[in-house]
Amino acid sequence: MITFMNEAGRHHAYNNANNQDYIVFKKNRNFAVMALADGVSTCEKAQDGAREACEAISEHLLKHASRFMNMTEREISQCLLSNILSRIEKKAKADGIDITEYSSTIACILLDRRLNKVLLFSIGDSLILATKHDCCNVMAMPSDSRNGCYVTTTHGVAKLAQVGIMDARDIQSIVICSDGAWNLMYHRNHLETEVRECLIDKKYTRLKDLLMQKERFDDCSFISMDLNELRWRNVA
């Protein structure tokens with residue numbers, strides 16, 4: 001149903017720093033949500049920021065799922081980002097630290113288990129992939145990170161988020177990957193053949209093994225959702 005990997009990279013291990021990626025999955029009878037956040041390593045509270053972003057967005061999406069499925073993309077982006085910022089602002093105030101120290105990327109998927117629809121929302125350099133039969137398609141591209149990617153505290157970032165609602169009847173599974181994971185999965189802008197096969201065949205244990213064998217400089221995380229096991233018809 002849900003598979004995930006969340007391993008600290010060599011850089012953080014070398015500096016005795018904690019893994020700053022955070023992943024979460026929540027569901028109820030009619031909806032399921034998964035999210036992945038990557039705390040900005042130069043920020044003092046990166047790990048807390050990633051956790052707060054994931055928890056805020058997953059709780060809010062699940063609580064108001066039906067309403068979100070009828071919103072415009074602009075409304076979705078503004079509502080979700082406002083919820084995240086409100087949560088980390090409270091945390092920053094309690095800790096006496098500037099809110100920017102809680103900066104993180106955030107990517108999430110909301111699945112309507114009854115209507116076979118998915119909502120996606122992404123800020124930053126995570127990658128969202130969908131498998132359909134023998135294809136592996138990109139749902140949300142990472143932002144260009146050469147000059148620093150967008151994060152939850154970037155001014156005006158609600159206008160820059162990738163947002164969409166789409167039919168999921170033909171989608172077999174969806175995977176969210178942190179930059180530390182997808183950088184190991186691609187070679188010269190092409191998804192490596194064995195990685196692609198693992199994604200299409202849902203061989204996530206093998207995918208973990210492949211990524212663990214590589215030199216992981218950055219934190220390496222992914223979370224996968226098997227839609228076939230989560231669709232409403234399978235709910236008891």
Side-chain angles (χ1 to χ4, degrees), residues 4-26 33-62 77-109 120-128 140-163 176-184 211-212 214-223:
F4 64 89
M5 174 182 181
N6 193 6
E7 296 288 337
R10 176 170 56 84
H11 173 71
H12 288 166
Y14 178 79
N15 291 286
N16 295 317
N18 294 321
N19 185 347
Q20 291 164 352
D21 288 355
Y22 190 86
I23 52 181
V24 67
F25 170 75
K26 301 177 188 292
V33 60
M34 66 176 179
L36 184 154
D38 182 354
V40 178
S41 59
T42 56
C43 295
E44 181 180 348
K45 294 291 185 176
Q47 187 181 49
D48 289 342
R51 181 181 64 250
E52 294 298 328
C54 265
E55 293 294 342
I57 204 168
S58 59
E59 291 173 7
H60 197 59
L61 274 173
L62 205 58
S77 185
Q78 291 177 334
C79 185
L80 290 178
L81 186 62
S82 294
N83 189 260
I84 293 171
L85 289 175
S86 175
R87 185 150 173 160
I88 60 177
E89 281 172 352
K90 291 179 182 178
K91 182 71 173 172
K93 184 176 181 179
D95 294 342
I97 296 176
D98 189 273
I99 189 175
T100 58
E101 295 297 332
Y102 297 83
S103 298
S104 74
T105 66
I106 182 70
C108 69
I109 289 289
L120 70 85
F121 176 79
S122 181
I123 293 173
D125 55 6
S126 293
L127 175 70
I128 305 180
M141 289 287 292
S143 61
D144 189 343
S145 60
R146 287 174 294 182
N147 297 310
C149 70
Y150 307 133
V151 292
T152 52
T153 58
T154 300
H155 180 69
V157 75
K159 297 179 181 178
L160 304 171
Q162 297 182 70
V163 189
I176 305 177
C177 308
S178 69
D179 64 325
W182 67 255
N183 272 316
L184 299 178
L211 297 180
M212 289 295 289
K214 295 178 179 287
E215 182 67 17
R216 302 183 318 280
F217 179 80
D218 197 3
D219 296 336
C220 184
S221 303
F222 74 78
I223 179 168

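When the side-chain hydrogen bond (donor to acceptor under 3.5 Å, both in side chains) test is applied to R87, the partners found at least two apart in sequence or on another chain are E52, E59. Partners of D38 by side-chain hydrogen bond (donor to acceptor under 3.5 Å, both in side chains), not counting sequence neighbours: none found. For E89, the side-chain hydrogen bond (donor to acceptor under 3.5 Å, both in side chains) criterion is met by no residue, not counting sequence neighbours.
Between the side chain of T105 and the backbone N or O of D125 there is no donor-acceptor pair closer than 3.5 Å. Here the side chain of D219 pairs a donor or acceptor atom with the backbone of Q20 at under 3.5 angstrom. Using modelled atom types, one side-chain atom of T154 and one backbone atom of V151 make a donor-acceptor pair closer than 3.5 Å.
Side-chain contact between I99 and L85 is present, with heavy atoms from C-beta onward closer than 4.5 Å. For the pair C54/I106, a side-chain contact is recorded, criterion being any heavy-atom separation below 4.5 Å from C-beta on. Counting heavy atoms from C-beta on, the side chains of M5 and C220 come closer than 4.5 Å. Contact annotation: the side chain of L36 never approaches that of F4 to less than 4.5 Å [non-hydrogen atoms, C-beta and beyond]. L80 has its side chain out of reach of V163: every pair of non-hydrogen atoms, C-beta onward, lies at least 4.5 Å apart. Residues F121 and L61 are not in side-chain contact: their nearest non-hydrogen atoms beyond the backbone lie 4.5 Å or more apart.
Here the SG atom belonging to C108 is positioned 11.0 Å from the NE2 atom belonging to H60, to the nearest 0.5 angstrom. The CG atom of N6 sits 4.5 Å away from the CD1 atom of I23 when rounded to the nearest 0.5 Å. Separating the OG atom in S122 from the CG atom in L127 is a distance of 8.5 Å, to the nearest 0.5 Å. Between the SG atom in C149 and the CG atom in L160 there is a gap of 11.5 Å [rounded to 0.5 Å]. In this structure, T42 OG1 and E101 CD are separated by 8.0 Å, a value rounded to the nearest 0.5 Å. In this structure, the separation between NZ on K45 and CG on D95 is 5.0 Å, given to the nearest 0.5 Å.
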Next on the checklist: Please evaluate residues I84 and I123 with respect to the criterion side chain to side chain contact (heavy atoms under 4.5 Å, CB included), reporting the C-alpha separation (whole Å), side-chain torsions for both, the decisive distance (0.1 Å), and the verdict.
Outcome noted: CA-CA 12 Å; I84 293 171; I123 293 173; over 6 Å; no
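Contact detail for C177 and W182: the closest heavy-atom pair is O-CD1, 3.6 Å. Closest heavy-atom contact between A56 and N83: O-OD1, 3.1 Å. What you find for A37 and A50 is that their closest heavy atoms are CB-O, 3.4 Å. Taking both residues in full, the closest heavy atoms of A140 and Q162 are given as CA-OE1, 3.5 Å, listed atom of the first, atom of the second, then distance. Looking at every heavy atom in both residues, A181 comes nearest to L211 through O-CD2, 4.2 Å. V40 and A46 get closest at one heavy-atom pair: O-CB, 3.0 Å.
With no hydrogens or angles considered, no side-chain donor-acceptor pair links T100 and T153 at under 3.5 Å.
F25 CZ: more than 12 foreign heavy atoms inside a 6.0 Å radius.
Ion pairing between K26 and E55 holds under the 4.0 Å rule for side-chain N and carboxylate O.
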